[in-house]
Amino acid sequence: MVAHKTGTSRTVDGVTAATNDVGLVTLPNGRHLAISVFVSDSGANNAVREEVIAKVAKAAWDEWSK
């Protein structure tokens, strides 16, 4: 189970100040993982920024759900 809150600031001159996601994840062993990922000052499009957040979250899941 995952509870999370996303957020994205506005983009000015092709640079987005912040794209973020903060969440609480229930691990398979019943413990909880708190994770917060912020991508800042990025010229990448929204899909790329969201992919970065997803990859970081997956790496945390992979490590802590062992």
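Note that this is a predicted model, so its numbers are computed, not measured.
Here the closest heavy-atom approach between residue Ser42 and residue Val39 is recorded as CB-CG1, 4.0 Å. What you find for Leu33 and Trp61 is that their closest heavy atoms are CD2-N, 4.4 Å. Closest approach of Ile35 and Ala57 over heavy atoms only: CD1-CA, 3.7 Å. Nearest heavy-atom pair across Arg49 and Thr16 is NH1-OG1, 3.3 Å.
Criterion: ILVMFWY side-chain heavy atoms under 4.5 Å apart, direct or through other members. Under it, Leu24 and Leu27 are not part of a common hydrophobic cluster.
Using a distance-only test at 3.5 Å, with no hydrogens or angles considered, no donor-acceptor pair links the side chain of Thr6 to the main chain of Asp21.
The environment of Trp64 atom CH2 is sparse: at most 12 non-hydrogen atoms of other residues, nucleotides or ligands sit within 6.0 angstrom.
Separation of atoms OG (Ser65) and CZ (Arg31) is listed at 12.5 Å; rounding is to 0.5 Å.
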If you apply the rule side chain to side chain contact (heavy atoms under 4.5 Å, CB included), what do you find for Thr19 with Glu50, and how did you get there? CA-CA 8 Å; Thr19 302; Glu50 293 289 342; 3.6 Å; yes

